[in-house]
Amino acid sequence: MPNDDSPSLSVDRRLALAGAMLMVALPLDRSAAAEPVGALPQDDAEFVTIDGWVLRRDDLVRHGG
Amino acid sequence: MIIDFNSETQRLDDRVYDVAIAGGGPAGISIALALAAAGRSVALIEGGGLDFSEASQASYRGSLSGAAYGPLDGTRLRYLGGTSNHWTGRCGAFDPIDFAPRRNRILPGWPIGRDEVYRFATQARTILDLPRPPFRAARPTPLPSRYFRLTEFAMSPPTRFLGKYRERLRADRRIDCYINANLVRIGANQSGGHVDGYDVRNYRGIRRRLRARRYVLALGAIENARMLLNADDVMPTGLGNGSGMVGRCFMEHLDVNLGSFVTTDERFWRAGPVGFNPSVALMRQHGISNGIVSLTPSIKPRYYGRAAFLREWISGPGCRINPDWTRKITGSYCPGDNIVTSMIEQIANPESRVRLTGERDAFGLRRIDLHWSIHRNDIATIEILAREVAKDLARMDIARMKIAPEVLGRRISSFGVQSHHMGTTRMSADPRFGVVDARQKVHGIDNLYVAGSSVYPTGGAINPTFTLVAMSLRLADHLAALS
């Protein structure tokens with residue numbers, strides 16, 4: 001059963017969109033692309049520093065009571 | 001053969017060697033053996049003898065004027081085999097990122113690539129008795145991290161060059177290894193562009209000239225610079241110092257306690273300690289240097305230097321009775337403190353340097369002053385690495401880390417060191433930014449070369465010996481082709 005919130009795009013339009021996203025993701029500098037740099041953290045907001053302790057937000061839920 | 005220069009000095013008078021090497025440590029011995037194997041005649045001069053002596057070691061004394069550093073005669077050994085006589089044997093290779101441009105650097109990096117530096121890696125492994133490649137992490141399982149990888153290394157037994165190579169040095173008829181033979185002057189022509197001899201002195205005051213077609217300095221990062229600077233009778237600022245770079249960019253690996261940690265996944269830590277290296281992406285994102293962050297649960301404290309025995313004796317019962325008091329008294333930590341240690345790359349900083357003082361040693365050479373300087377970019381690397389490791393420990397849910405206040409606030413006042421002396425005659429294609437060229441030949445001098453970690457333009461985050469042996473073999477290959 002289809003999800004009611006799913007976008008109603010045709011298969012062709014979905015393929016075109018995926019192609020465009022791929023083009024955006026490819027770096028222009030080919031030498032930079034050749035270097036395996038790896039991923040960057042995107043989750044900084046998930047951590048808090050309290051009195052020097054670097055904790056996860058869910059640590060506070062678990063232990064902070 | 002091995003010749004004691006204290007009793008036999010005449011031999012130098014009627015000989016011209018293909019190559020004269022000053023310094024009988026890992027670099028000098030590796031070059032001598034490789035050149036002899038290629039059929040070249042070699043004179044290897046070593047200031048010390050076949051064992052430690054106060055008379056030789058005293059030449060290493062110097063003063064300190066910058067950031068606190070250990071005594072200069074306490075971190076290296078001046079007799080045949082050099083500092084390999086007391087090294088621990090940890091070996092590894094520079095990372096590919098260490099050879100790439102970095103935005104936190106002041107000066108250009110390596111003028112040669114990683115493949116070229118490690119062209120003789122296989123032979124270096126044999127010399128240092130290392131297992132077959134690749135270098136590996138100490139843990140059998142991979143780290144479940146996208147932003148850090150495990151530090152890869154191997155342990156040499158450790159190879160003691162004196163014990164391993166003494167017989168070969170004695171038996172090889174192409175090598176004359178002079179012990180108790182102190183280099184006291186580099187003789188050069190009037191323009192300073194050609195070396196015409198090494199003046200060598202024994203402990204009885206007798207001095208002779210050693211002649212060769214090409215000359216190598218392999219005395220260690222502090223002494224290589226010291227010898228060039230002392231040659232100011234030919235050139236006012238010393239040999240090879242037209243751009244004022246000799247002695248500059250002294251680098252260490254910074255050993256800073258980043259904080260402490262509690263483990264949250266006992267199974268993970270049962271497999272042993274962890275050394276973290278940042279990913280290329282993390283280093284590029286933050287513009288930081290390389291480094292190793294080490295976590296060892298329940299680490300045993302180590303004591304060095306004066307009163308080490310007393311401090312260790314106090315710490316045993318002291319840590320059980322009153323840990324806070326014991327930490328203050330011993331200046332160290334207690335078992336179970338779970339401290340986070342580090343080995344951080346220091347950028348090449350011209351303000352961090354060795355220079356001559358007015359005081360002279362027993363051979364008339366001026367002693368040096370080490371002005372060790374920590375750049376603000378080094379402090380930034382330390383703080384950012386600590387934060388990123390702390391986040392990653394929490395992300396992987398294997399530990400939680402408390403970062404030391406002075407690290408968080410970038411107010412670090414004291415730095416431990418690894419006794420890894422690097423820089424001071426750095427390699428650079430452009431003479432304005434270095435002392436030796438890509439072949440390790442001193443800029444502007446046609447027959448003088450420098451070997452050892454003093455030629456490193458950057459220090460990376462790995463112990464320097466394996467790389468300096470590999471580069472010494474590369475230099476020997478070049479010299480053998482010329483001779």
Side-chain angles (χ1 to χ4, degrees), chain A, chain B residues 95-103 113-114 143 145-149 257-262 264-265 277-288 293 295 338-340 383-409 411:
Chain A
M1 195 160 167
N3 186 331
D4 287 346
D5 295 332
S6 62
S8 53
L9 291 176
S10 69
V11 173
D12 285 350
R13 289 182 68 190
R14 285 185 195 193
L15 283 173
L17 183 61
M21 288 168 72
L22 185 64
M23 290 302 289
V24 169
L26 282 173
L28 292 173
D29 181 351
R30 295 223 170 253
S31 61
E35 190 182 344
V37 293
L40 280 174
Q42 305 289 336
D43 58 353
D44 275 8
E46 298 302 311
F47 302 98
V48 289
T49 304
I50 299 172
D51 193 23
W53 286 99
V54 177
L55 304 172
R56 289 154 56 139
R57 286 203 178 274
D58 60 5
D59 287 336
L60 302 181
V61 176
R62 272 194 284 170
H63 307 296
Chain B
D95 294 322
I97 180 77
D98 296 322
F99 297 86
R102 311 284 286 280
R103 72 171 195 264
R114 188 174 186 271
L143 191 71
S145 170
R146 297 170 67 193
Y147 313 118
F148 287 88
R149 62 175 175 78
N257 283 359
L258 301 180
S260 56
F261 67 102
V262 292
T264 55
D265 181 345
N277 275 80
S279 69
V280 172
L282 265 190
M283 285 187 266
R284 288 233 182 272
Q285 181 193 25
H286 295 290
I288 58 172
V293 178
L295 289 90
N338 288 4
I339 60 156
V340 182
E383 188 258 329
I384 291 165
L385 267 184
R387 276 185 190 275
E388 291 298 333
V389 165
K391 282 193 304 184
D392 215 37
L393 292 169
R395 191 183 282 124
M396 291 183 279
D397 205 7
I398 56 175
R400 298 295 183 275
M401 178 175 158
K402 178 182 168 67
I403 303 175
E406 63 272 22
V407 172
L408 265 184
R411 297 185 309 271

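Since the structure is predicted, the reported quantities are computational estimates derived from the model, not experimental observations. Order of the sequence lines sets the chain letters (A, B, ...), proteins ahead of strands, with each chain counted from 1.
- Among residues two or more places apart in sequence or in another chain, the side chain to side chain contact (heavy atoms under 4.5 Å, CB included) test is passed with B:Lys391 by A:Asp44, A:Phe47, A:Val54, B:Glu388, B:Arg395.
- Residues A:Arg56 and B:Ala394 approach most closely at NH1-O, 2.7 Å, considering heavy atoms.
- Looking at A:Asp51, both its backbone and its side chain come within 4.5 Å of chain B, counting heavy atoms on both sides.
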Take A:Trp53 and B:Arg400 through the side chain to side chain contact (heavy atoms under 4.5 Å, CB included) test and state the conclusion after the steps. CA-CA 7 Å; A:Trp53 286 99; B:Arg400 298 295 183 275; 4.2 Å; yes
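- Between the OG1 atom of A:Thr49 and the NZ atom of B:Lys402 there is a distance of 11.0 Å, given to the nearest 0.5 Å.
- Here CG of B:Asp397 is found 7.0 Å from CG of A:Asp59. Values are rounded to the nearest 0.5 Å.
- Residues passing the side chain to side chain contact (heavy atoms under 4.5 Å, CB included) test with B:Ser145, sequence neighbours excluded: B:Leu143, B:Tyr147, B:Phe148, B:Asp392, B:Met396.
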